Asks: 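Could you have a look at this structure, given as structure tokens, before my questions?
Only a predicted model underlies this, so the values are computations on that prediction, with no experimental measurement involved.
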There are 2 protein chains.
Amino acid sequence: MISSTNKFDQLPTEKQARIVNASISEFAERDYETASMNKVVERAGIAKGSLFNYFKTKGSLYYHIYHLAIGEVKSYLRKVRDETADLLFEERLAKIVDSGVQFITDHPRLARIYFRLIYSADSPDRQKIVAELQQLSDDYLGEIIQDAMDRGEIDSQINKSQAVFYLDAVLNRFLKEFHESSSNDNQFDRDEWVKGITKFFSKGLK
Amino acid sequence: MISSTNKFDQLPTEKQARIVNASISEFAERDYETASMNKVVERAGIAKGSLFNYFKTKGSLYYHIYHLAIGEVKSYLRKVRDETADLLFEERLAKIVDSGVQFITDHPRLARIYFRLIYSADSPDRQKIVAELQQLSDDYLGEIIQDAMDRGEIDSQINKSQAVFYLDAVLNRFLKEFHESSSNDNQFDRDEWVKGITKFFSKGLK
DNA sequence: CGATAAATTGACCACCCGGTCATTAATGAA
DNA sequence: TTCATTAATGACCGGGTGGTCAATTTATCG
């Protein structure tokens, strides 16, 4: 029994896409509790019974969708990490911000689901999910910090997990702000901010 | 007609307290959409019709409660701002963190409502509320930054609204983390963190 | 084609929601 | 005590929820 027994995976690709697309829209617009399976089937153009045949519960559909979102985030992170391995810390930071901005621009609905997961999320298994994302962030930013320490670009006396925390806090908050302002087509000077952020991390406020 | 026409305000204090207490618990445990008026009346030990007599809608009850939460936050902020006016920026930062920790310890349910407002909140008037809180934060942290600039403690060339943003991002994130970890009775070294944060803001990571 | 198996459907279920309002209970003045 | 006014109550309403399953359509194969 190598192949998945999952009913959904056996579906024609086009139908899968319709369902995934409908689910992403629904879970992006409403949080877990408020999102409606009725709306999903309506958007996807399938019968309710079918959806519950492919996914036994609302929770399992949500699980599928947010793993998709996290997977996409990971792919962006991996890409920018590998492509910037040789750059200086400050340049690297700028590229990471760029990559985040790009992700939000390319996948605004997934971004919304991601931020919901991070920040509020009365979702099932919230603790598990958050712990998983925390681990992802620790590994990812931790590696970047470590590289910079090894090259003597930042003070290696600094508590590494604290440094990761600050990076994570500022980057996530900045991207959340960008995400919300780009929903309301508010413009802001990206370069100005990227410059400010990198300088802030290097020198602090003094 | 000087006195409020608000039905709720005319109630005996004890009854007001029961209703407020029940509402705080409910809105702390569940987000706006998921919170239940039925649960509130059950907790408060009053009839449903009564509650809807005091507050015409769920939204107006929520409005009352979150204004209460924001009011309490403001009071803590004002207090620490005034009491630390003479301190150095770093010492002041430490006191602010302390005050946040104290608020969360004293009012964990209000803290939860506050973080819900800040971070996710599919609440009614979300944009208005967030803008109001943003203003509060800008004014408050802006003043602290300005003081420190005036005294030459931090670089006055730095973009002030950016500096406020970094402060806000790191402080809020730290307090949110504290709030969640104190719900799960995870311990962590407060002093270690306060020292790290103030140093980070002063010198950056270099 | 006919028969069997598999996939799809949507009416239906029990439950909960915010909100209403006729009925009942408490209050206070004469 | 009587009676009018006000406050409190909870049964009830329309509507939405996640989830089920008998009935129907579609696909498969001899």
Asks: Please report the distance, rounded to the nearest Å, between CZ in B:Arg18 and C1' in D:dA8.
Replies: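 Whole-Å distance recorded here is 12 Å.
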Asks: Can you tell me how far P of D:dT26 sits from CD1 of A:Ile46, to the nearest Å?
Replies: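 Rounded to the whole Å, the gap is 16 Å.
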Asks: If I take atom CZ in residue B:Phe8 and atom C1' in nucleotide D:dA8, what distance separates them, rounded to the nearest angstrom?
Replies: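 Interatomic distance, CZ of B:Phe8 to C1' of D:dA8: 16 Å.
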Asks: Please find the pair of heavy atoms, one from A:Glu192 and one from A:Asp189, that lie closest to each other, and give the distance.
Replies: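 Closest approach of A:Glu192 to A:Asp189, heavy atoms only: N-OD1, 3.1 Å.
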Asks: Which part of the nucleic acid does A:Asn53 contact within heavy-atom distance under 4.0 Å: base, sugar-phosphate only, or nothing?
Replies: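 Result for A:Asn53 = base.
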Asks: Would you mind classifying the nucleic acid contact of B:Ser36 as base, sugar-phosphate or nothing, using non-hydrogen atoms under 4.0 angstrom?
Replies: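 Sugar-phosphate, backbone atoms only, no base.
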Asks: Can you check the A:Leu51 CG to D:dT17 P distance for me, whole Å?
Replies: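 Between P of D:dT17 and CG of A:Leu51: 13 Å.
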Asks: Between atom NZ in A:Lys58 and atom P in D:dT20, what is the gap in whole Å?
Replies: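 Spelled out: NZ on A:Lys58 to P on D:dT20 is 14 Å.
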Asks: How close or far is atom C1' of D:dG16 from atom CD of A:Glu26, stated in whole angstroms?
Replies: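 Nearest whole value for this atom pair: 13 Å.
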Asks: So which atom in A:Glu26 and which in A:Ala35 form the shortest heavy-atom distance, rounded to 0.1 Å?
Replies: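 Where A:Glu26 meets A:Ala35 most closely, the heavy atoms are OE2-CA, 3.5 Å.
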Asks: What's A:Phe55 touching, base or sugar-phosphate or nothing? Going by heavy atoms closer than 4.0 Å.
Replies: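 Nothing: the residue A:Phe55, judged by heavy atoms under 4.0 Å, touches no strand.
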Asks: Any idea which of C:dG18, D:dT20, D:dT9 is nearest the B:Phe52 side chain?
Replies: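 When the side chain of B:Phe52 is considered, C:dG18 is the closest of C:dG18, D:dT20, D:dT9.
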Asks: Tell me the interatomic distance from B:Asn38, atom CG, to C:dG18, atom P, rounded to whole angstroms.
Replies: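 For the pair B:Asn38 CG and C:dG18 P, the rounded distance is 6 Å.
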Asks: Rounded to the nearest angstrom, tell me the gap between atom CE in B:Met37 and atom C1' in D:dG10.
Replies: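 It works out to 15 Å between those atoms.
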Asks: Is it the case that more than 12 heavy atoms not belonging to A:Glu14 sit under 6.0 Å from its CD atom?
Replies: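 For A:Glu14, atom CD is crowded (more than 12 foreign heavy atoms under 6.0 Å).
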Asks: Is B:Tyr54 close enough to D:dA7 that one of its side-chain N or O atoms is under 4.0 Å from OP1 or OP2 there?
Replies: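 For B:Tyr54, the contact criterion (side-chain N or O under 4.0 Å from OP1 or OP2 of D:dA7) is not met.
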Asks: Students often get this wrong, so: under 4.0 angstrom with heavy atoms, is B:Lys48 touching a base, only sugar-phosphate, or nothing?
Replies: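 Base contact.
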Asks: Go nucleotide by nucleotide along DNA chain D from the 5' end; which of B:Leu11 and A:Lys56 gets its closest nucleotide reached first?
Replies: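 Going by which nucleotide is closer to the 5' end, it is B:Leu11.
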Asks: Going by salt bridge (Lys or Arg N to Asp or Glu O under 4.0 Å), B:Glu29 matches just one of B:Arg43, B:Arg116, B:Lys39. Which one?
Replies: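 When salt bridge (Lys or Arg N to Asp or Glu O under 4.0 Å) is applied between B:Glu29 and each of B:Arg43, B:Arg116, B:Lys39, only B:Arg43 qualifies.
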Asks: Looking at B:Lys15, I'd like to know whether one of its side-chain N or O atoms comes within less than 4.0 Å of OP1 or OP2 on D:dA8.
Replies: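 Yes, within the criterion.
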Asks: Is it the case that B:Lys58 places NZ or CZ above or below the six-membered ring of B:Tyr32, under 6.0 angstrom from the centre and within 45 degrees of the axis?
Replies: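 The answer is yes, since B:Lys58 meets both limits relative to B:Tyr32.
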